[in-house]
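In the text below, chain A, chain B and the rest are named by the order of the sequence lines, each starting its count at 1. Side chains are part of it too, since the values below use all heavy atoms of this structure and drop only hydrogens, waters and symmetry mates.
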Amino acid sequence: MSGVATDRSWRTTAARALCSDYFVLWLCVVYVAAVAPFTPGFASLDNATNILATLLPLFVVALGQTLVLIAGGIDLSITSIIGLCSITGAMVMNDETGWLAHSPLAVPAAIAVMLALGGLVGAFNGVAITRFRMPPFIVTLAAMMAFSGLAVWLTQSKAINQLPAAFNALGGRTAIALGIACAAGVGVHVMLSRSLFGRWLYAIGHNARTAHVSGVPVAGVVISAYVCSGVLAALAAILYTGQTETGSPVLGQRILLDVIGATVIGGTSLFGGKGKVLWTLFGVLFLKLVDNSLNLLNLSIFTLTIVKGAVILLAALLDSLRTRLAGSHA
Amino acid sequence: MNATPSALLLTALRHASLVLFVTIIAVFGALAPKFLTADNAINVLIQSTPTGIVAVGMTFVLLTAGVDLSVGAIMFLSAAIAGKMLAAGQPLPLALGAMLATGLGFGAINAFFITRLRIAPFIVTLALLFVGRGLALTITQTRAMNLPDRFLQLGSARVAGVPLPLVVLGAVLLVAHVVLMRTPFGRQIYALGNHPANARKAGIRTQRILATVYLISGLCAALGGILSLAQLGAVSPKFGEAYEFKAIAAAVLGGTSLFGGRGAVFPGTLLGAVLIQSIESGLVILNADPYLYPVITAAVIFLAVLTDSTRHTLLARLNRRRIRQELPT
Amino acid sequence: MSTAAAVEFDGIGQSFSGVRVLRGVSFTVGASRTLGLVGENGAGKSTLMNILGGNLRSDTGRMILRGQPYAPAHPTDATRAGIGLIHQELNLFSNLTIAENIFLTSFPRARALPWIDQRTLHARTAALLRDVGLELAPDTLVDRLSAGERQLVEIARALSLDARLIIFDEPTTSLSARETGTLFALLRRLQSQGIALIYISHILDHVRQLCHDLVVLRDGAVVAQGPIETFSTPAIVSAMVGRNLTQLYPTRRGAPATEPALEVRGVSQPHIVCDIRFTLRRGEVLGLSGLMGAGRSELARILFGLDPCSRGEILVSGRPLAGANTRRRIERGLAFLTEDRRHEGLCLEASIADNLALASIRSHARTPLKLIDRTGWQRAISTIREAVRLTAKAEDTQPAQTLSGGNQQKVVLGKWLLASPSVLILDEPTRGVDVGAKFELYQLIMDLADRGSGILVISSEIEELIGVCDRILVMSQGEIRGEFSRPEFSSERLLAAALPRESPA
Amino acid sequence: VGLTACQKSEAPAANGGSGSNAPSPNGKPLIIGVAFETLQTEYWVASFEAIKADLKQRGYPMLEAVSDGDANRQLEQVKNFITRKVDGIILVPKDAKTCLPIIKAANAASIPIVLFNRPADKSAAKSVAIVADNFALTQETVAYLMSEAKKTGRKHKAAILIGDLSDINAIGRRDGFDAALKGNEGVVEVVARIPTEWNQEKAQAGLVNALQANPDISFIFTSSDFLFPSIVSALKSAGKYHKFGTPGHVILGGFDGDATAYQMLQDGYLDATGVQDVYFEARQSIQAILNLRAGKPVPELIRDPGFVVHQGNLQQKAAQMWGAQIAKK
Ligand SMILES: Nc1ncnc2c1ncn2[C@@H]1O[C@H](COP(=O)(O)OP(=O)(O)OP(=O)(O)O)[C@@H](O)[C@H]1O
Ligand SMILES: Nc1ncnc2c1ncn2[C@@H]1O[C@H](COP(=O)(O)OP(=O)(O)OP(=O)(O)O)[C@@H](O)[C@H]1O
Ligand SMILES: [Mg+2]
Ligand SMILES: [Mg+2]
């Protein structure tokens, strides 16, 4: 009898762990525990700092993607925003040819220009999607092509360096970058879970028609979501540019699938209405842990890609298992 | 109520994408007369065959509200396998068969994870994108492989005077169109994309349909790979890269919805694929500044979709059902 | 012909995430008989039918179909066993044509070829549509049909299966008197062909007219069963709700005031409505009657700003709306309960609380950052839950789609009540709501009127309008064709006014 | 050929560990981290293999990483090397600027770092770069092609296949081409500049279209030899693939010197290609690390002079040409 009881309680605990927001975090912990013994240097403080430093900008971009995905959209233009903002900021403030070279205003002005530009691209996406009822995938795909093309053309393929040290510190010094990313994360979290905007965003993602009939300003909210995504991508551009100390038109060009992948692994739905900041954080963490450990394992590039695919699949498998378990045991 | 201006407008609207397509071609033609030759038209069509065929498979998947990100990897992997086989002296038909089998195999793996283990298609196919490319890189050791001339001859072969790639594209389109529009399976795909839970309730074997759709996509990807190789004559480590985006873009440009249940391979997906290729071809013929390529391509795609969505809005407005017979005023 | 019972339920039990929804349900549907299944919202009727139709597998119990054990794993098993199920929530695909919807799993094939025989498809569809009294082309997209028309298509679909047992889960919720008449004639024909039927409805008169036997479910258990003659209507009601219900409609306490809540002056939209004028006074319950397709819903959508309007003026509390959008109109005190609750009324995957709060959440966002005052919000939710008597089993965090149809309707109504509107437009508000709950809904509507709001009720149930309204307008062909005040109310006169006139030569 | 023998004899040493018999300046084998930006062309694979073979011969274990074109990921990877406490780093950076923080990180950990094939911009960060000059070598190659063109005594229409516009090497080669063009406008007129994004399919389609617009193109330069299969395929389908010295020969030039180019030179189709000396660069990189560790002075820039291989000097240069070595294997 008691065996049955403990079995039942064990099951409820397991079910609760599976259902919680922290599932992907547990997955990360298990992964670290499983991989650390075989991976030299994986479980070291240095490495933790490395992971943190590379995780932050990705997390910031993924925050914006989360907002857009919740509204039932998708933003493929983030990579081009990162590149475009990176070179525009660098054009404003670099020490050689910058418009504001050596001025004390250079750094703040550059940051303002970058964020504004990100917001502008986001607004363009949002307006095209809501006012002209165009599919988000194509709008943001076209924006990606156009703006990254524009960035390469503006620089004639050349990267720009000699950026002010104060600016480089924003992304280069992990502590500062951590502060910025945390602020962004907390901001978006409060926005999603506590604010009117958040409620509206989820409602639109669930059913835009119902939202409209219930008096939600659908177009305005969706445009804002894309603007936020653009601004957050610009913020990530600040971090990335600071890390590499260079304004480059192709910065972040390869992270698109990583961003969407991490967000979706975290649990955000591609069909809208579902997503949380914590989920995204854990999704990004998981992806970065996998990347980093595979890298330290000194696998060849071939094996590395294969193993990465397998790990993603495994994580998804666990996720689908837990959804089924949760369904039958809650 | 027969020949009112609104009836005229309706016809124009129905064929808006075609109108736009013709306009774009005309603009290129006016700028560069060479663009409008029959030879060039055939060229552009041949060049769009790989994208077109992969996009046909993708359209099946998108109609069920899924997505297949692994098509590019399938192209690369099957090409790598074929390359190795040909290098080892195997006959060409066997290599081609192996490519198609690889496509089907990957499609089957996708299908297994999506239907049996209920994992989101985006994640499954993303994972298989990595696995497939990794395997292919292992096989090729990231080296480029030149294929024997027999392969290139496939690309320039003709059937009754028509280039072989066009014959294949035509056949694939015909079959796909008939399947989607005229068979129970096709109509059930649309129902499934419209509302998966209701489709099950209505007695449709949803899992079976989903699985088939990924098999079709895998097969089309391999077939697209064959046609692409037949033009290139070599496999490089970048083979098939970003094809998933190209195929999705072609399908969506042709009016297919990512949310399922809406779209068609003919003329939709075909127009999408040809449009993308026409822009590229037109720009080369114009000898445009290389930096302008992405910007112009993006602008044209944007314009095309803008026209399409405006058309939809207007059509919906004009088609609203009437309650009253209004007397002409 | 076998004399075995059409179907026998034996101890069926079912629970959803720990909540028991069906407990040991056992009863028998006799061969060639029609069984009425009634019960409150959430009693488990649809769940039981989903088990019979192969959509769900019951936790316990078994079924016996014409003497054979029967355990469907998939809806196709039910179809093969000769069971047709017409779902409560319409189960059609808006991107397909009527014909394709009807024959989705049984397309006629061209001889030995894999493709569909279009000609046969059209011919058979046309015949079925004639049977159900729907004059539409078989290749019309379902997207363009109104709710009532969709319901008829769904019925045609069940007929197409040549089933020997057909389940109708509230088939008349979107039908007006005329279509209901056609449907009943059809059902009688089925009965005479020896087909067994299960008929679920909240309209007890209909059940009484059609059925031979009756089963009453309460809280997932059978509380009464027997031949229909052995039950009086009050007895059925008290078995359903577990208490005596003396009245079907609450008595009106207040009376309409004189100042107008909503004035509609000459609203017209080509091909839709023509020169609509009426005044809805504060505290008044105004009914809008008419046949299906009369344009009542269209008028409501125009008033609410969802559809365009080319001429005319709309005033709320004396002030013109002047082209305000829907959101502005809500701010000005307008509210609209739509007839399409799945697509426009609810976010099905969102929680009950989020759905309830959607229209009024803005008023809880206080700080400059528009953060939600969560305690105030929660208080409002729990008050409104009480007010609309939402089933106690449902938790606030549960997705709305897990609620029974009637309870979903209560959530939508609750959403609008929370916005405390000065003008409330209700389009088929009691669709799918049980008698007990209906009474409560009417009470809520009247209370709102007594507090000074103007209420416009669109309903296809003439009895209902007569029961709750102070005044009734009748629409036909997009025009208002009659106005009746309380003493003049009678179904005959209302129906007569609703019939379309011959078009002018 | 000699490599396989070495691999066998060194097999136990590859595990590293204290028992290794590999000699090194202070007795222990050095761990070298090798971080490449990409392995997607023959050239990089050959370089990678050359370094690997050289290290193996010396008995040094090697850590490898490929960042697939992502500057940030490369930074992560090098940081991982530092975490693993490597003794030296060989880096193929994404470009001249994004590598600066990487170099700084290595400097901070006092690990010698050598940039392979791509130099860094001037800065306080200390590194050694082994480079072939894309600009100069391309200029030299194209100048040779020009002299060949002059010999024909007529004016040529030319097409250039440009690499990825965001790749620094591609830009260097494009600029080298343009520089060689200067003053020779009377001999060669560029009628098509085709952006390939380092993609074979784009190259093939682009060239086919260019030949469509200008069927009389008789001079083609590609920014990398790995695009030759595409060029050959396009020329063949236009009926313009003819040997050197026969009428209708299209003057062909490339860069890299891979196996395909070697084969084409041998068969007499290719006029010239600019070759980077991979073996020299690999040897120099490792030597530089040893020297730095030993405290010997090392110049900041070690030049790989490279050389142009053409029909006239093929026999004498083949031994130094990495593509020839691969082709012979
Ligand atoms: N998937 C589900 N998950 C959780 N609860 C569910 C689910 N489906 C139904 N329920 C619950 O089961 C109970 C019975 O629902 P059912 O739809 O059978 O009621 P009903 O008798 O058909 O009511 P109505 O007259 O309103 O249609 C309800 O309390 C409902 O909330
Ligand atoms: N979304 C729609 N698209 C096209 N036509 C529609 C749509 N909704 C309704 N209609 C048509 O408009 C006409 C009037 O609509 P509707 O039937 O809703 O009016 P009603 O008077 O409110 O009747 P009821 O609500 O009883 O069905 C009908 O003929 C219906 O078919
Ligand atoms: Mg029900
Ligand atoms: Mg209506």
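- Among the candidates A/I74, A/I138, A/I312, A/T303, the residue making the largest number of heavy-atom pairs closer than 4.5 Å to chain B is A/I138.
- Contact tally against chain A (heavy-atom pairs below 4.5 Å) for B/I301, B/L69, B/L258: the top residue is B/L258.
- By the neighbour-count criterion of 12 heavy atoms within 6.0 Å, atom CZ of A/R209 is densely surrounded, having more than that number from other residues, nucleotides or ligands.
- In this structure, chain A has heavy atoms under 4.5 Å from both the backbone and the side chain of B/A65.
- Within the 6.0 Å centre-distance limit, the rings of B/F302 and A/F124 are counted as a close aromatic pair.
- Between B/F245 and A/F137, the ring-plane angle classifies as parallel under the 30° and 60° cut-offs.
- Neither the backbone nor the side chain of B/Y293 comes within contact range of chain A; no heavy atoms are under 4.5 Å apart.
- Both the backbone and the side chain of B/L306 come within contact range of chain A, each with at least one heavy atom under 4.5 Å from a heavy atom of that chain.
- For B/T138, the parts lying near chain A are the backbone and the side chain together; criterion is any non-hydrogen pair under 4.5 Å.
- With 3.5 Å as the limit, one finds no donor-acceptor pair spanning the side chains of B/D68 and B/T125.
- Contact annotation for A/I129: neither backbone nor side-chain heavy atoms come within less than 4.5 Å of a heavy atom of chain B.
- Of the listed residues (A/L150, A/L141, A/L317), the greatest number of heavy-atom pairs within a distance under 4.5 Å of chain B belongs to A/L317.
- Remark: the A/T263 side chain and the A/T280 side chain contain no N/O donor-acceptor pair separated by less than 3.5 Å.
- Looking at B/L128, the atoms closer than 4.5 Å to chain A (heavy atoms on both sides) all sit in the side chain, from C-beta outward.
- Tested against B/V300 for a side-chain contact (heavy atoms from CB on, under 4.5 Å), the candidates B/V295, B/L253, B/I24 yield a single pass: B/I24.
- Under a cut-off of 6.0 angstrom, the local environment of CZ in B/R200 is crowded, with over 12 non-hydrogen atoms contributed by other residues, nucleotides or ligands.
- Donor-acceptor pairing under 3.5 Å is lacking for the side chains of A/D75 and A/T140.
- Across B/A120, B/G134, B/G132, B/A299, the residue that shares the most heavy-atom pairs under 4.5 angstrom with chain A is B/G134.
- In this structure, the portions of A/I265 lying under 4.5 Å from any heavy atom of chain B include both its backbone and its side chain.
- For the options A/M145, A/Q156, A/M134, heavy-atom pairs under 4.5 Å to chain B are most numerous at A/M134.
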key: Step-by-step side chain to side chain contact (heavy atoms under 4.5 Å, CB included) determination, A/F132 to B/T310   = CA-CA 7 Å; A/F132 303 123; B/T310 319; 5.8 Å; no
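- Proximity to chain A (any heavy atom under 4.5 Å) is shown, for B/I296, by neither the backbone nor the side chain.
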